[in-house]
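First comes the structure, then the notes that go with it.
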Amino acid sequence: MVALGGGHGLYASLSALRRVTDRLTAVVTVADDGGSSGRLRRELGVLPPGDLRMALAALCGDDEWGQTWSRVVQHRFRSQGDLHEHAVGNLLIVALWELFGEGEAGPAVPEATVAGLDWVGRLLGAQGRVLPMASVPLDIVAEVQGADPARPEETAQVRGQVACAKTPGKVLSVSLVPPDPPACRPALAAVEEADWVVFGPGSWFTSVLPHLKVPELARALTATRARRIVALNLVPQPGETDGFSPQTHLEVLQAHAPELRVDVVLADRAVVDDADALDKAVRMLGGRLMLADVAAADGSPRHDPARLAQAFAQILRQ
């Protein structure tokens with residue numbers, strides 16, 4: 001299985017999928033430009049490591065070793081100095097990239113990037129592999145309507161993942177800079193060899209759709225013989241998908257990747273107000289709708305790993 005995304009959404013899907021399969025690869029967006037990742041990216045010219053770190057932490061086992069290392073790599077320093085808010089895992093990943101890049105600032109070759117992530121995965125006992133979707137850092141450019149509240153009908157381009165997430169207005173589409181980045185070769189191979197590919201959950205415009213804007217990866221996702229699952233979000237993403245219904249997410253997906261076919265769309269039963277409209281949108285993508293209880297029992301807007309794993313397992317059985 002190959003899971004696509006970034007941030008907390010990919011963390012949720014990987015936490016569930018590692019309970020379903022022992023052959024799991026995460027393909028992670030590399031466009032973050034904020035926080036610890038953004039600082040390392042700007043200072044050292046490396047891929048932003050944060051989403052890669054979170055994916056590795058999600059793949060840690062439930063034993064003492066796995067849970068201890070998961071907490072270690074997620075730990076952030078608290079200080080009044082330059083280390084404030086840096087995540088331990090980010091520094092560890094970048095250190096390995098520099099070592100495998102023969103001392104250069106940042107990985108000298110794409111193979112060094114993959115090797116460094118594999119070594120961190122071995123240390124953590126990760127139950128799967130983590131790969132970047134591209135071999136170079138990317139910038140997300142969003143076309144936003146109403147970014148200027150004084151001119152709500154006008155559209156403007158907003159550059160950068162953090163800016164895209166925080167800019168007021170309605171995101172219409174996203175693109176990447178550079179527009180034709182080199183895809184990670186092992187990621188392409190994983191998609192080609194997969195039985196299943198999972199999109200989402202996650203920030204729709206900044207974590208899920210960017211994979212479909214890397215031309216080589218988009219072609220691989222369209223051509224693969226794998227079956228495709230789309231796991232929908234529980235709530236709209238503030239600043240990105242405010243006011244979006246579940247079916248709107250699918251309409252945006254289709255607009256960004258018209259040739260992509262989907263086999264199954266998984267949605268939480270409690271958040272679907274119009275099942276007929278959602279089912280129609282799913283059928284437009286060539287798939288079938290599965291409704292299940294996958295949200296946390298405490299009512300918070302997050303997926304429960306055990307429930308989500310049960311839903312994925314049911315899809316695989318069917």
Side-chain angles (χ1 to χ4, degrees), residues 1-6 9-10 12-13 16-17 20 26-27 29 133 142-143 170-176 187-188 190-192 194-237 240-292 294-295 303 308 311-318:
M1 299 190 76
V2 172
L4 308 171
L10 182 61
S13 63
L17 289 168
V20 176
V27 178
T29 184
M133 70 177 185
E143 194 76 21
K170 179 181 179 182
V171 180
L172 302 177
S173 63
V174 290
S175 58
L176 296 177
L188 295 178
V191 169
E192 182 180 350
D195 297 307
W196 292 87
V197 173
V198 180
F199 298 84
S203 301
W204 215 242
F205 285 104
T206 55
S207 290
V208 178
L209 295 180
H211 292 77
L212 297 165
K213 306 307 290 184
V214 177
E216 286 182 297
L217 184 56
R219 288 192 291 270
L221 290 167
T222 301
T224 180
R225 291 175 292 179
R227 284 165 285 188
R228 304 169 188 88
I229 302 171
V230 173
L232 291 175
N233 293 333
L234 300 173
V235 294
Q237 180 80 11
E240 280 195 31
T241 56
D242 291 310
F244 274 34
S245 65
Q247 52 269 28
T248 305
H249 286 76
L250 298 182
E251 292 163 1
V252 170
L253 176 66
Q254 188 172 38
H256 281 74
E259 297 181 3
L260 185 71
R261 298 291 89 190
V262 169
D263 294 275
V264 183
V265 172
L266 172 63
D268 185 76
R269 199 186 319 273
V271 304
V272 177
D273 294 326
D274 191 340
D276 290 337
L278 179 56
D279 184 66
K280 181 179 179 181
V282 173
R283 285 188 279 109
M284 288 290 291
L285 289 169
R288 65 179 177 89
L289 173 63
M290 177 177 172
L291 298 178
V294 294
H303 288 83
L308 188 57
F312 281 135
Q314 184 177 344
I315 291 171
L316 268 60
R317 287 196 301 269
Q318 293 175 349

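Quick note: residue numbers are just sequence positions, from 1.
Applying the salt bridge (Lys or Arg N to Asp or Glu O under 4.0 Å) test to every pair with at least one member in residues 216-233, sequence neighbours left out, gives these pairs: R185-E216. Sorted by first then second residue, the salt bridge (Lys or Arg N to Asp or Glu O under 4.0 Å) pairs that include residues 246-272, not counting sequence neighbours, are R269-D293.
Minimum heavy-atom separation, L232 to V265: CD1-CG1, 3.7 Å. Residues A277 and Q247 share a closest heavy-atom pair of CB-NE2, 3.5 Å. Considering every non-hydrogen atom in both L289 and A267, the closest pair reads CD1-CB, 4.5 Å. H303 approaches A12 most closely through the heavy-atom pair CB-CB, 4.3 Å. Heavy-atom minimum distance, G5 versus H211: N-CE1, 3.2 Å. Nearest approach of L176 to V214, heavy atoms of both residues: CD1-CG2, 3.7 Å.
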* To do: Step by step, work out the side-chain contact (heavy atoms from CB on, under 4.5 Å) result for V230 and L285.
  => CA-CA 11 Å; V230 173; L285 289 169; 5.8 Å; no
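A heavy-atom distance below 4.5 Å is found between the side chains of H256 and V174. When side chains are defined from C-beta on, E192 does not count as touching T224, because their heavy atoms never get closer than 4.5 Å. V282 has its side chain within reach of L250: a pair of non-hydrogen atoms, C-beta onward, lies under 4.5 Å apart.
Atoms OG1 and CG, from T222 and L217 in turn, are 9.0 Å apart once rounded to the nearest 0.5 Å. Taking CD1 from I315 and CD1 from I229, the interatomic distance works out to 4.5 Å, rounded to the nearest 0.5 Å. Interatomic distance, CG of L10 versus OG1 of T29, reported as 10.0 Å (0.5 Å rounding).
Partners of A311 under the side chain to side chain contact (heavy atoms under 4.5 Å, CB included) rule, at least two apart in sequence or in another chain, are L266, M290, A292, V294. Scanning for side chain to side chain contact (heavy atoms under 4.5 Å, CB included) contacts around S175 gives V141, with sequence neighbours left out. In this structure, the side chain to side chain contact (heavy atoms under 4.5 Å, CB included) partners of A16, at least two apart in sequence or on a different chain, are L308, A309, F312.
At a threshold of 4.0 Å, the pair R283-D279 counts as salt-bridged, since one of the basic side-chain nitrogens sits closer than that to a carboxylate oxygen.
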Enumerate, atom names and distances included, each donor-acceptor pair closer than 3.5 Å involving a side-chain atom of residues 195-210, sequence neighbours excluded.
from	atom 1	to	atom 2	distance (Å)
S203	OG	Q237	NE2	3.3
W204	NE1	H249	O	2.9
T206	OG1	E240	OE2	2.5

